[in-house]
Each structure stands twice: as structure tokens, then as C-alpha cells.
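Letters go in sequence order (proteins before strands), and every chain restarts at 1.
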Number of protein chains: 2
Amino acid sequence: MVTKQFSGSPDEADLTRADSLAREIFSDIANKWALLIIEALGERTLRFSELRNEIEGISHKMLTQNLRMLERNGLVQRTVHPTVPPRVEYTLTEPGQALRVTIDGMCDWTHRYLGHIEASRHHFDS
Amino acid sequence: MVTKQFSGSPDEADLTRADSLAREIFSDIANKWALLIIEALGERTLRFSELRNEIEGISHKMLTQNLRMLERNGLVQRTVHPTVPPRVEYTLTEPGQALRVTIDGMCDWTHRYLGHIEASRHHFDS
DNA sequence: CCGTATCCGCGTTGATACTG
DNA sequence: CAGTATCAACGCGGATACGG
């Protein structure tokens, strides 16, 4: 569980530390741009500018910021080719790939229930 | 794919409409609080105040706001018992349950790679 | 081409108070 | 207890400029 920060079990100190860390990581990952970046990368290796083109509507800043965060958490690997002009490529690590699978599930879900959701919205908005 | 808003295939009009809708839904769902609410609900039925206690750090406003959004998209069913004081219960619909399964995957992932991530962070921060 | 820094507006968020 | 509204403030996120 990631929802509760304090669990009343023995070894409480370690458990709460692990829980709050899990929560922190979850908060990092569970945002629109991060998930879209992971999904866009998939099994490919993409350059910064390619990612920017793939992900509709993301700004330069948000892309950099989220890529740094994902790199820090070890989800993406960043490799700089010392050429001119510079060429920077991003690819998912093994943990990143593992997470991508679950995100694929979210995407599938979205498409499967598109109709349900649209109907529910119309019903709600009246 | 949710990342690309425009696909160059035939029936482009419908496809882009579906894609932008998918993207819109994805943007709704893919935020910290919404995912935590879905995860907290699980297979249970919880009252507003119980949810508030379950989810560490969520504010009254964010909870209401996200619950409305989830209800609008048909992920959560809201039932009001006309008692006094009022009793409002929330439970996941079938689409909500389906999504929860994938979110469970994210939580599992978080715990499985906790060590990897912590190590990666230490390495990065130096 | 890629990255960082700065600035600033606007949206999100929390606090508070009030209604049913 | 649950929901809505209002308001102020903080921080996100976009634009821009400059550096490597």
C-alpha cells in the first residue's frame, strides 16, 4: 500500500521509511508527462528532439525536468554522444521497461473504455 | 498510443477525435491523487471521511475535486444515504476496478524496485 | 542540438467559512 | 458529515535568452 504513511506494525520505523519513500517515488512517477515519456520511449531509443515531437504539447522545460527525474530514479538512461552538434539519446532501463508494461495497461484501459467514459460524461453533464 | 495527437491514416477525423479524447482522459487519470484514491478504494466501499483518513496528506478540496472527476468519468459510483448526518459512500465501478488492476501493477513495481531506485538516486546526487 | 537559468502569469491548492 | 464557495499564496509551467 502506498496510501498510508504510517502502519502500526512492528519494525514501524523501517516500514514507515519504506512507505514514505514508496509514496515519494509514486508521486514522482504518477504524473501525466512522466508517464507519457515512458510510453513514448517504449522499446526505442529516442533523441531529445524526437521525444519532443512524439509527445504532443510538452514544453522544452517539462521534458528536460521529467527526463532528469526519470534518470535520477534510474528509469531512463541518458547517453551523450560527444559530437557537434551534440546528440543525446534516451532509452528505458530494465526497471523503466517493467514500469512501461503497466503503463501500457493504462493505455489499453483508456481505449477499451473510451465509449463507457464518453457516455458517462454526457450523463453526468446533465 | 496516447502520445500522438495526429495520426495520418484514413478516417483521420474520427481517429484524431478518439486520440484527443484518449489523451484527455489520460491526463485526467494520470495524476497522483486520482490514482491514490482508486488504489485506496480497492474493492471496498468507503465514506468520504474514511477516504480522507486513508490517503495521507490529501486535502478536503482535492478529494472532492478528484472524486467528482472520477464519478464523471464513470470510475467511481457515489451513493448518498439520506440520513442525518448524511452518509456518502464511494465504490469503484467495473471500469474503475479494471483500472485499479493496472495501478496495482504500478504499486507492486514501486515496491519491487525500491532498492534500485534509492541506489540510483544516491548515485545521481553525486 | 541540448541544456540551464530567469522571469512572470496563471492555475492549482490549502485554509476558512458557510449551507444542507 | 459532506459539499460548495471564496480568497490568498505558492508553485507549476511556458516563454525567452543565453551557454556549451
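- Within the 4.5 Å cutoff, the side chain of A:Thr102 has no heavy atoms near those of the B:Thr102 side chain.
- Residues A:Tyr113 and B:Asn73 have side chains not in contact (no heavy-atom distance under 4.5 Å, counting atoms from C-beta outward).
- Residues A:Glu39 and A:Leu35 have side chains not in contact (no heavy-atom distance under 4.5 Å, counting atoms from C-beta outward).
- When the side-chain nitrogen and oxygen atoms of B:Thr64 are compared with OP1 and OP2 of D:dT4, none of them lie within a distance under 4.0 Å.
- Closest of all the heavy-atom pairs between A:Pro86 and A:Arg47 is O-NH2, 3.6 Å.
- The nearest whole Å value for the distance from the CD1 atom in A:Ile58 to the P atom in C:dG3 is 13 Å.
- Residue side chain A:His60 reaches the base of C:dG3 through a donor-acceptor N/O pair under 3.5 Å, judged by distance alone.
- Straight-line distance from the CG atom of B:Leu63 to the C1' atom of C:dT12: 16 Å, rounded to whole Å.
- Distances shown here put every side-chain N or O of A:Arg47 at or beyond 4.0 Å from the OP1 or OP2 atom of C:dC1.
- Results of the side chain to side chain contact (heavy atoms under 4.5 Å, CB included) test with A:Leu41 over A:Leu70, A:Leu51, A:Thr91 single out A:Leu51 as the only residue that passes.
- Heavy-atom distances under 4.0 Å link DNA chain D to no residue of residues 70-82 of chain A.
- Looking only at atom types and distance, the side chain of A:Gln97 has a donor-acceptor partner in the side chain of A:Arg100 under 3.5 Å away.
- The distance between atom CD of B:Glu89 and atom C1' of D:dC1, rounded to the nearest whole Å, is 12 Å.
- In this structure, A:Lys61 atom NZ and C:dC8 atom P are separated by 13 Å, rounded to whole Å.
- Rounded to an integer number of Å, the gap from CE of B:Met62 to P of D:dC12 is 14 Å.
- Between A:Tyr90 and C:dG3 there is a side-chain N or O to OP1 or OP2 distance below 4.0 Å.
- Comparing D:dA2, C:dC2, C:dG14 by their nearest atom to the side chain of A:Phe48 picks out C:dC2.
- Distance, A:Leu36 CG to D:dG13 P: 13 Å, rounded to whole Å.
- For the pair A:Leu51 CG and C:dC1 P, the interatomic distance rounds to 14 Å; values are reported in whole Å.
- One atom, CZ of B:Arg87, and another, C1' of D:dA2, lie 12 Å apart when rounded to the nearest Å.
- For A:Arg52, no side-chain nitrogen or oxygen approaches OP1 or OP2 of C:dC1 to under 4.0 Å.
- Listed nucleotides: C:dT6, D:dC1, C:dT4. Nearest to the side chain of B:Pro86: D:dC1.
- Inter-residue side-chain proximity for B:Ile37 and B:Tyr90 is flagged as unmet; no heavy-atom pair is nearer than 4.5 Å.
- Which of C:dT13, D:dG3, D:dC1 sits closest to the side chain of B:Gln65 comes down to C:dT13.
- Listed pair B:Ser49 / D:dA2 meets the phosphate criterion, a side-chain N or O lying under 4.0 Å from OP1 or OP2.
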